[in-house]
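Worth saying up front: this structure is predicted, and the values here are computed from it rather than measured.
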Amino acid sequence: MNSTCETAVIGAGIIGVTIAEQLQQRGHQVLLLDKEEPGRGCSYGNAGHFATDVVMPLANLQTIMSLPKLLADPLGPLSIRWQYFPRMLPWLTRFAVAALPGNVRRSCDSLRALNSRSIESYDRLLNRLGLQELMTKEGALTVYESSASIEKNRSQVVQLREFGVEVESLNGEEIRTLEPALSDKVAGGLFFPKTAHTVNPYRLVQSIFTKFRSIGGEFSQRAVAGVRTLANGDTAITLQDGTTLQARKVVIAAGAWSRSLVRHLGYSVPLDSERGYHLMLPDTGCVLTRPMVSFERSFVMTPMEEGLRLAGTVELAGLEAPEDPRRADILFQHARSIIPGLTNQRASRWMGFRPSLPDSLPVIGASPSNSRQLFAFGHQHLGLTQAAITAELIADHMEGRKAELDLSVFSVDRF
């Protein structure tokens, strides 16, 4: 072996950086590894929304029934590169199974368990690090453009309340009182007072990373080619430059790239990527106070210190296909229908890879065959939301503490 370390965390997105900081401040000596600068992957361009209200998995019967309409709409929130479809088919089959009512209920319970603890976990993290200004607690809105949409979603609102999500129904006038920039065509909406957003997702990751380094954490910007278990239970981490590290403990938090790494350890995980786009508008011509989700158009608008971020849509095309700038540009068309005064001068596009599993639940916890190999990936649209609670769960598990949640539902071998 070329070198050794006590604890290696593979992946420097919001999940990996937050885990690395949590472990370092608890007294572990941590080496963080990533092929890119911390926060430059999916964490750089997310919607910035701590979406604690999202407790319904993407896999549900309503989504399945809507697929033909969604795929037929060129401006819709979902697209598939058909040449990738054969590779995606096993994932889609599992997605359909996850949409069965009993499976949906179990996923709801598990998502709620994570999300209900997420803001408190961030409060502990950001207060400890002196970074409270990076989280704004103004709640979030879902807006409807028609009374038909209000009726269509009424049963789901009842479900959200059953799961303990605090939500208020607003008419058009009430919602425009909160956000005067909204068009008169907005018929009403929902207000989620217990959610929050960050003014800059990338600065959030970078700030946590800076704190990690300041307390002795190490970072190496090198790509990981593979991992394997040694006879003594340590993990050999092979880097693309040919060197090998030996880690007594390892956490795999490499987002959409985690699948191949855990395969080296003997686990076949149906992890794929949902390619998400954003359009950043530095000169908006209007003011918003809080994140806003369009019910009909399935995208998010979030006010940030650098402007208004329009984020959303799902493109199924894997990790290799080039980005499609039209998927970002359509976000402006949708947003302008809701906010007529919006402008897109100096707008910039971005695309990233959300690591998604068919049941909408992440993998969190230790390898069943080696308690010193831990996993934290597959958080799909909720990586930002669930990062702080995931870091606490991983650190507690590594230290042999009783977990706050039953981690068996997030196990790597549940598939």
Self-check item: Donor-acceptor under 3.5 Å (Q24 side chain, I215 main chain)
Solution: yes

Exercise. Please check if the side chain of R275 supplies one atom and the backbone of G318 the other of a donor-acceptor pair under 3.5 Å.
Key: yes

Quiz item: Taking the six-membered ring for Trp, are F295 and Y144 parallel (under 30°), tilted (30 to 60°) or perpendicular (over 60°)?
Solution: perpendicular

Exercise. Determine the minimum heavy-atom distance between E274 and L58, stating which atoms define it.
Key: OE2-CD1, 3.5 Å

Practice problem: Output every pair passing salt bridge (charged side-chain N to carboxylate O under 4.0 Å, His left out) with a member in residues 300-310, not counting sequence neighbours, ordered by first then second residue. | Solution: R203-E305

Practice problem: State whether a side-chain donor-acceptor pair under 3.5 Å links T63 with N60. | Solution: yes

Practice problem: Check the angle between the aromatic planes of F212 and F209 and answer parallel, tilted or perpendicular using the 30° and 60° thresholds. | Solution: tilted

Do any side-chain atoms of residues 80-89 form donor-acceptor pairs under 3.5 angstrom with protein atoms, and if so which ones, sequence neighbours left out?
unit_1, atom_1, unit_2, atom_2, d
R81, NE, E315, OE2, 2.9
R81, NH1, P322, O, 3.3
R81, NH2, E315, OE2, 3.1
R81, NH2, P322, O, 2.7
Y84, OH, D272, OD1, 3.0
Y84, OH, D272, OD2, 3.1

Exercise. Evaluate side-chain contact (heavy atoms from CB on, under 4.5 Å) for S169 paired with R154, printing each intermediate quantity in order.
Key: CA-CA 10 Å; S169 295; R154 200 175 295 279; 5.8 Å; no

Quiz item: Do NZ/NE/NH1/NH2 and the carboxylate oxygens of R124 and E392 come within less than 4.0 Å?
Solution: yes

Self-check item: Any side-chain donor near an acceptor of the partner, Y267 and S369, under 3.5 Å
Solution: yes

Practice problem: Output yes when a side-chain donor or acceptor of R414 lies under 3.5 Å from a complementary backbone atom of F410, and no otherwise. | Solution: yes

Quiz item: Under 3.5 Å, side chain of N103 to main-chain N/O of V97, donor-acceptor pair present?
Solution: yes

Quiz prompt | L239 side, atom CG; L33 side, atom CG - distance, nearest 0.5 Å | solution = 6.5 Å

Self-check item: Worked verdict on E37 versus Y202 for side-chain hydrogen bond (donor to acceptor under 3.5 Å, both in side chains)
Solution: CA-CA 11 Å; E37 175 190 350; Y202 178 56; 2.6 Å; yes

Practice problem: Any side chain to side chain donor-acceptor pair (under 3.5 Å) involving residues 283-297? Give me the pairs, sequence neighbours left out, ordered by first then second residue. | Solution: E145-R297, S149-E296, E179-R290, D283-R346, R297-H334

Quiz item: With the threshold set at 4.0 Å, does a side-chain nitrogen-carboxylate oxygen contact exist between R176 and E173?
Solution: no

Quiz item: Any donor and acceptor pair, going by atom type alone, linking the side chain of K194 with main-chain N or O of E166 inside 3.5 Å?
Solution: no

Exercise. Determine yes or no for a side-chain-to-main-chain donor-acceptor pair under 3.5 angstrom, with S356 supplying the side chain and Q380 the backbone.
Key: no

Quiz prompt | Option among L374, L357, I252 that satisfies the side-chain contact (heavy atoms from CB on, under 4.5 Å) test with V363 | solution = L357

Quiz item: Would D324 and R349 pass as an ion pair if we require N to O under 4.0 Å?
Solution: no

Practice problem: For Q29 and G216, indicate whether the former's side chain and the latter's backbone hold a donor-acceptor pair under 3.5 Å. | Solution: yes

Practice problem: Please step through side-chain contact (heavy atoms from CB on, under 4.5 Å) for the pair V104 and C108, ending with a clear verdict. | Solution: CA-CA 6 Å; V104 170; C108 282; 4.1 Å; yes

Quiz prompt | Side chain S110, main chain R106, donor-acceptor under 3.5 Å | solution = yes

Quiz item: Any sub-3.5 Å donor-acceptor pair from N46's side-chain atoms to S43's backbone N or O?
Solution: yes

